[in-house]
Amino acid sequence: MKPFFVADYGTTAIEHIAAGHFFKSRIGRESSRFSQALSNTKSVKKLVQEAITKGKHSGTKDNYKVIYEFDEVIGTYDTKVKNVVDGIERTKIMSHKTKTITVYFDNAGNVKNAYPTK
């Protein structure tokens, strides 16, 4: 397993992760985010390396991932909750704390994406 960096998004994996999963990214949209303290390149690389070393590896070459649960909360994942008030359906995004990370890899074994998960 190669440790880090090329993504299919025209950016490096860490740039993609920062844009989509750091603390202040995608505000108001359903997403998963690292905690504010961990929303930096050094911390995320460290989390990814630990997950690769200690996590559960699964999938095929075309869809390979590692899932790992840390001892401490690393961030949040969001879910959409729908409710109806006075006949009007509303959707609210709820954030949930999590200790789990999922790391995805490309066909060459490079990290493609990583984020907190349920």
- Classify the side-chain pair T60/N63 by whether it contains a donor and acceptor separated by less than 3.5 Å. no
- Run the salt-bridge test on D78 and R29 with the 4.0 Å N-O cut-off and return the result as yes or no. no
- Run the numbers on H16 and N113 for side chain to side chain contact (heavy atoms under 4.5 Å, CB included), then give the verdict. CA-CA 7 Å; H16 174 75; N113 202 354; 3.2 Å; yes
Any chance you could measure [X], atom [atom1], to [Y], atom [atom2], to the nearest 0.5 Å?
X	Y	atom1	atom2	result
S31	F22	OG	CZ	12.5 Å
T100	K56	OG1	NZ	12.0 Å
E69	I74	CD	CD1	9.5 Å
S35	K97	OG	NZ	10.5 Å
I17	K112	CD1	NZ	12.0 Å

- Would a hydrophobic clustering, with Ile, Leu, Val, Met, Phe, Trp and Tyr connected at side-chain separations under 4.5 Å, put Y64 with I101? yes
- Linked, directly or transitively: I14 and L47 (ILVMFWY side chains, under 4.5 Å): yes
Please name the pair of heavy atoms, one in [X] and one in [Y], separated by the smallest distance, quoted to 0.1 Å.
X	Y	value
H21	A114	CD2-O, 4.0 Å
T91	K80	CG2-CB, 3.9 Å
V66	F105	CG2-CE1, 3.5 Å
Y115	F34	CA-CZ, 3.8 Å
P116	R33	CG-O, 3.3 Å
S25	A19	CB-O, 3.0 Å

Would you say [X]'s side chain and [Y]'s backbone share a donor-acceptor pair under 3.5 angstrom?
X	Y	answer
Q49	K46	no
S39	F23	yes
D106	A108	yes

- List the steps, then state whether side chain to side chain contact (heavy atoms under 4.5 Å, CB included) holds for M94 with K92. CA-CA 6 Å; M94 301 288 294; K92 182 177 182 179; 3.8 Å; yes
- List the steps, then state whether side chain to side chain contact (heavy atoms under 4.5 Å, CB included) holds for L38 with V44. CA-CA 7 Å; L38 297 174; V44 170; 5.5 Å; no
- Note on the structure: In short, ring-ring contact (aromatic ring centres under 6.0 Å, His included) pairs touching residues 67-93 with sequence neighbours left out are Y68-F70, Y77-H96
- Message: Is there a side chain to side chain contact (heavy atoms under 4.5 Å, CB included) between T117 and T98? Walk through the geometry before answering.
- Response: CA-CA 7 Å; T117 52; T98 185; 5.6 Å; no
- Message: List the residues meeting side-chain contact (heavy atoms from CB on, under 4.5 Å) with E89, not counting sequence neighbours, and say none if there are none.
- Response: K82, V84
